**Student:** 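One structure, pasted below without further comment.
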Number of protein chains: 2
Amino acid sequence: MEQKTQEEDQIVTPWEVAAEKGGKIDYDKLIDKFGCQRLDQSLIDRVARLTGRPPHVFLRRGVFFAHRDFSDVLDAYERGEKFYLYTGRGPSSEALHLGHLVPFMFTKYLQDAFKVPLVIQLTDDEKCMWKNLTVEESQRLARENAKDIIACGFDVSRTFIFSDFDYVGGSFYKNMVRIAKCVTYNKAAPSFPSSFPHLFSGKDSLRCLIPCAIDQDPYFRMTRDVAPRLGYHKPALIESSFFPALQGETGKMSASDPNSAIYVTDSAKDIKNKVNRYAFSGGQDSIENHRKYGANLEVDIPVKYLGFFLDDDAELEHIRTEYGAGRMLTGEVKKRLIEVLTELVERHRRARAAVTDESYACMMGSRHAPL
Amino acid sequence: MEQKTQEEDQIVTPWEVAAEKGGKIDYDKLIDKFGCQRLDQSLIDRVARLTGRPPHVFLRRGVFFAHRDFSDVLDAYERGEKFYLYTGRGPSSEALHLGHLVPFMFTKYLQDAFKVPLVIQLTDDEKCMWKNLTVEESQRLARENAKDIIACGFDVSRTFIFSDFDYVGGSFYKNMVRIAKCVTYNKAAPSFPSSFPHLFSGKDSLRCLIPCAIDQDPYFRMTRDVAPRLGYHKPALIESSFFPALQGETGKMSASDPNSAIYVTDSAKDIKNKVNRYAFSGGQDSIENHRKYGANLEVDIPVKYLGFFLDDDAELEHIRTEYGAGRMLTGEVKKRLIEVLTELVERHRRARAAVTDESYACMMGSRHAPL
C-alpha cells in the first residue's frame, strides 16, 4: 500500500478516482505520476492536417489531454499504415449517462476522421463476476448498452462490437492465456489484432489506438509492458479527463446516485430539473455580488458541461466572458445548457430507436466480415 | 499453512504427493482426512450385477478404492437415468507413461460397461500458463496426447475430446465465470453438462462421474461445494490409488526422471532394461535368504505392476504365493512383467498408429454430434 501523506493525495486507478481532500483532480500531477505525454497543440494541429478536418471539440477543449505513443500511430498513418481503435464498456447498468457517451463520441470522430476499424468490447464477464449479476442479466445489459453505443453512429462496415460471453474463445482466449502468463492479468487481449482473426487475418503488426479516460492508464501500462514480450506493438493511448458530476468536479460520476448525472433515458423535464437543482454553480450568492465579482468558471458545472457539448466555440467563449464578468446570470447559462442537453439526449433516443436488428447483427457477433 | 507434526505427515494435494518420511502413502488415513467413502466389496458386486460383466481388474485389485456419491450415480442408473463421464489430462509431455494410462483404461471400461457418454479435457491452457510452454507447443502436445488417449479404444460415438484452447468459449466460458464467482477457481466447468450444449442440450440435470486419482479429491471438493449454488448436481467421483514409480511406492512417478516410469514410446529393449535395472524388488539379498524368508510383497514393484496389468487373477495369485514363499525368484517375476508390459506397450503403439484423421476429427473439436 502506498502511504498517505497528510494532505491526502489524490487517488486515480481504474478502480477508484478521488481528488485531494476538498480539491479537484490535478491532471498535470497525474501526467507526471503516470509518465504519459501531454497532448499538446502541435499534435492537435497535426491531427487536423492529417485528417483534413477541424479537430474534435474534445481535442480543442482539452477533454482528451494526454496520450501514449499517439504520435507513433500518426507517423505510421502518415507512412500509409493502418491502425485500429479499441474501446469498451463494462455493462453494469441499464441506461448510459452522458459521461459514458464521451469516449464513444470521441471514438466515432476518430473512426470517421482516420477511416479505421474499431472493436468495442463489452466486458459482461467481468461485471458478472464482480457485481452481483447473473450471466443472463449481464448479457442483457450488454445487449441494451450495445444499442446505445450503435446509436452513437459508428460506421457499420468498420465496427465490431462483442461481448466477452459471446466472443471469448479461440484466438482471443489464446491471447488471454499468453497475457496471463506474463502479468497474471487477462483482460488485455483486444489490444492485439491477433485476437480477432476473422477481422485482421494476417495483420498481426497492425497498431491499436485506445481512446480512454486517464484512470485506465495504469491498467493499459500492464498491457504495454507485456506487448514486446509477445512480439506485438504496444497499444497507443489517447486519454481524457473525467466528465464531472453535476454536483461538482471532485471525481467521476457515481452510478449509484442518479442525481449526479444526466442519463440518456432522462426526459426533458428530468434534465431541466436536474440542471436547475443539482448543477453546481460558480455564480455568486447574490445578484449584486454576481454583477460585482462575476462567476467562478473554474468550478462552474454548467460552463464545464457546455465545454463538452456546445460545439460552437464562439458562443462558448461569449458565455465564458459574459458569465465570468457577471453580466450573464447562472439561470441564463443553465437555460442554454438545458437546451443543449435536451437536444443531445433527444437525438440519441431517436438514433437508438432507429437501431435495426440488421445493423445490430451486423456489428455484433463473431460472424463479422474482415475489417 | 497446516502445521507440520514432528513425524512429517504425508502430503496429498492435486499439486504435490509425498508419503510420510521413509514410508508410503496411507490410503486409509487419506479417506478419513478427505472424508470420501471406501469403495467396498458390496459396491463392486453391485457394479458387476448392474453391468452384467465382471468388475474391472482395477476394481478387483483395489486400484480404484474410494469414491464420492458413486452409489447415487448407480441408484440413478438403476432408475434408468443416464450419467456421463469426465476425465482429462494436462498435456505437459510428449509421451505418456503407464501411470497416465491407468485412468483412461478404467474410464474405457466404465464407458463400455455403462454405455455412457464421455468428455475428455486436455488442459493445454493450464500447462501453457504454469509450465514454460508456448501456446503452440501446448496445443501440439495436446494433439499428440489425444492420439494416445484415442488409442485406448474409446467408443467414437460416445466420446468428445477437447483442448481448452480449442473449446473454451460460449456456454463453457459462461460456466467458468459462474464458477469463478463462487470459488475464484475456474476449472470445474466440465463437471456440468450445460458446459456442452452441443452434446447435452436440454439435459442440465445429467449426472457426471469422474474417475481420477485420489490426489484430485481436494480439487473436486471445491467443484462439489459450488454445484448446489449453481443448481447443478455435484459430480460423483471414483478414486484410485497411485501407480507407483519403478523405484518404489513413495509417491507418484516423476515426469522429470525418465527412469522412474515405463513410457508408451519405450522399446522392448528399454522395457527389459528398466524393469531389470530399476524396478524395486522385495526379494532377499541372497538366494539362500530368499528361499528361506521369501519376498516382501508389500514393497515389491514387479508384483505391484502385475497387479495393475496382468489380467489373470489365478496366475497373479500363483505368483504372489510362490514368490512370497521364496520358491520363485525376482528374476522370474521380472521376466513375466517384461512380457506383460511389452505386449501392452506394443498393443498401444499399434492402436495409436491406427488412429485415422477421421476418428481423430470425430472425437475432437466442437462439431461433435450430441452424445
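Quantities reported herein were computed from a predicted structural model and do not represent experimental measurements. Convention: sequence-line order gives letters A, B, ...; per-chain numbering from 1.
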**Student:** Looking at CZ of A/Phe165 and CE of B/Met176, how far apart are the two atoms once the value is rounded to the nearest 0.5 Å?
**Tutor:** 10.5 Å
**Student:** Most heavy-atom pairs under 4.5 angstrom with chain A, which of B/Ser171, B/Cys128, B/Ser138?
**Tutor:** B/Cys128
**Student:** What part of A/Leu230 lies closer than 4.5 angstrom to a heavy atom of chain B: side chain, backbone, both or neither?
**Tutor:**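 For A/Leu230, neither part sits under 4.5 Å from chain B.
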**Student:** One thing to verify: whether B/Glu136 and A/Lys174 come together as a salt bridge, which I'm taking to mean a side-chain N less than 4.0 angstrom from a carboxylate O.
**Tutor:**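 Salt bridge absent between A/Lys174 and B/Glu136.
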**Student:** What residues, two or more places apart in sequence or in another chain, satisfy side-chain contact (heavy atoms from CB on, under 4.5 Å) together with B/Ala142?
**Tutor:**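 Listed in chain order: B/Pro91, B/Leu122, B/Asp124, B/Ser163.
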**Student:** Got a second to check how far A/Tyr173's OH is from B/Tyr167's OH, nearest 0.5 Å?
**Tutor:**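 The OH atom of B/Tyr167 is 13.5 Å from OH of A/Tyr173, to the nearest 0.5 Å.
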**Student:** Between B/Val177 and A/Asp125, which heavy-atom pair has the shortest distance, and what is it?
**Tutor:**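 Looking at all heavy atoms of both residues, the shortest contact is CG1-O, 3.8 Å.
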